[in-house]
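Everything on this sheet refers to the single structure shown next.
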Amino acid sequence: MPIIQRPYVPPEDQPPQEDTYVNPGDTGSVDVSGEPITFYCDSFHIYSSLYSAVMFFGEQMEEREPILRARIKVSPQMLKAFALLASKHVKDYEEAVGPINLPEQVYNAWDIEVEEK
């Protein structure tokens, strides 16, 4: 039986504090190579305010806090564009491959109602 981890949600929906994440390999220097950064993400959170949103992409670690891999700040308009594009890709994938089923605890953790098809 696979172990299903609860998505990381900060207490009282507060943005994660930078000092609570471990970021191995961070030397404090800025990467100026121009090459995109590729990483695996299985932990995601969005914190939004009136004028901006911050998307946190992380990786779950056994018996440790998730590792923050990327923090991306966007406008509410860009966040909506991201959501629309992500929804389109999920729909296209499900039409080609089949439905993606998420455990009920994912919906509960983020206080989202399960969509019935």
Side-chain angles (χ1 to χ4, degrees):
M1 173 187 250
I3 297 173
I4 301 170
Q5 295 181 342
R6 179 175 181 249
Y8 178 70
V9 178
E12 300 178 19
D13 201 28
Q14 295 299 312
Q17 300 300 312
E18 293 178 31
D19 60 354
T20 63
Y21 284 97
V22 177
N23 197 357
D26 184 6
T27 61
S29 62
V30 177
D31 181 14
V32 293
S33 67
E35 293 295 318
I37 299 169
T38 302
F39 57 88
Y40 176 76
C41 170
D42 63 0
S43 176
F44 180 68
H45 180 73
I46 298 174
Y47 175 76
S48 58
S49 66
L50 181 60
Y51 297 108
S52 66
V54 183
M55 298 183 293
F56 296 90
F57 296 86
E59 184 177 346
Q60 289 285 347
M61 303 302 287
E62 288 187 32
E63 301 179 20
R64 288 179 41 195
E65 286 292 314
I67 295 173
L68 178 62
R69 296 292 185 196
R71 179 180 51 248
I72 302 171
K73 297 178 182 181
V74 297
S75 67
Q77 294 82 359
M78 182 57 72
L79 182 64
K80 185 168 185 174
F82 178 86
L84 291 171
L85 186 58
S87 294
K88 177 192 179 308
H89 279 267
V90 168
K91 181 181 174 214
D92 292 348
Y93 177 91
E94 289 183 323
E95 287 174 357
V97 178
I100 300 170
N101 297 311
L102 297 175
E104 189 174 325
Q105 71 187 70
V106 171
Y107 296 97
N108 292 339
W110 288 329
D111 197 25
I112 298 173
E113 292 186 27
V114 179
E115 293 180 11
E116 297 293 329
K117 287 192 174 188

- Query: So which heavy atom on Ile100 is nearest to which on Val90, and how close?
  - Reply: CD1-CG1, 4.3 Å
- Note on the structure: Heavy-atom nearest pair, Tyr51 first then Pro76, reads O-CD, 3.4 Å
- Item | Phe56 and Phe44: CA distance, side-chain angles, deciding distance, side-chain contact (heavy atoms from CB on, under 4.5 Å) verdict | CA-CA 6 Å; Phe56 296 90; Phe44 180 68; over 6 Å; no
- Would you call the rings of Phe57 and Phe82 parallel, tilted or perpendicular, where under 30° means parallel and over 60° means perpendicular?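 Judged by the thresholds at 30° and 60°, the geometry between Phe57 and Phe82 is perpendicular.
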- Item | Lys91: which of Glu94, Glu95, Lys88, His89 passes side chain to side chain contact (heavy atoms under 4.5 Å, CB included) | Glu95
- Message: Let's go through Tyr107 and Glu113 carefully: what are the C-alpha distance in whole Å and the side-chain angles of both, what is the deciding distance for side-chain contact (heavy atoms from CB on, under 4.5 Å) to 0.1 Å, and is it a yes or a no?
- Response: CA-CA 6 Å; Tyr107 296 97; Glu113 292 186 27; over 6 Å; no
- May I have the step-by-step check of side-chain contact (heavy atoms from CB on, under 4.5 Å) for Val54 and Ile72, ending in yes or no? CA-CA 6 Å; Val54 183; Ile72 302 171; over 6 Å; no
- Message: Please determine whether the number of non-hydrogen atoms from other residues, nucleotides or ligands lying under 6.0 Å from atom CG of Asp111 exceeds 12.
- Response: no
- side-chain contact (heavy atoms from CB on, under 4.5 Å) between Lys73 and Ser52: does it pass, once the steps are laid out? CA-CA 7 Å; Lys73 297 178 182 181; Ser52 66; 5.9 Å; no
- Note on the structure: When rounded to the nearest 0.5 Å, the distance separating CD1 of Ile67 from SG of Cys41 is 12.0 Å
- Between atom OG of Ser48 and atom CE of Met55, what is the distance when rounded to the nearest 0.5 Å? 11.5 Å
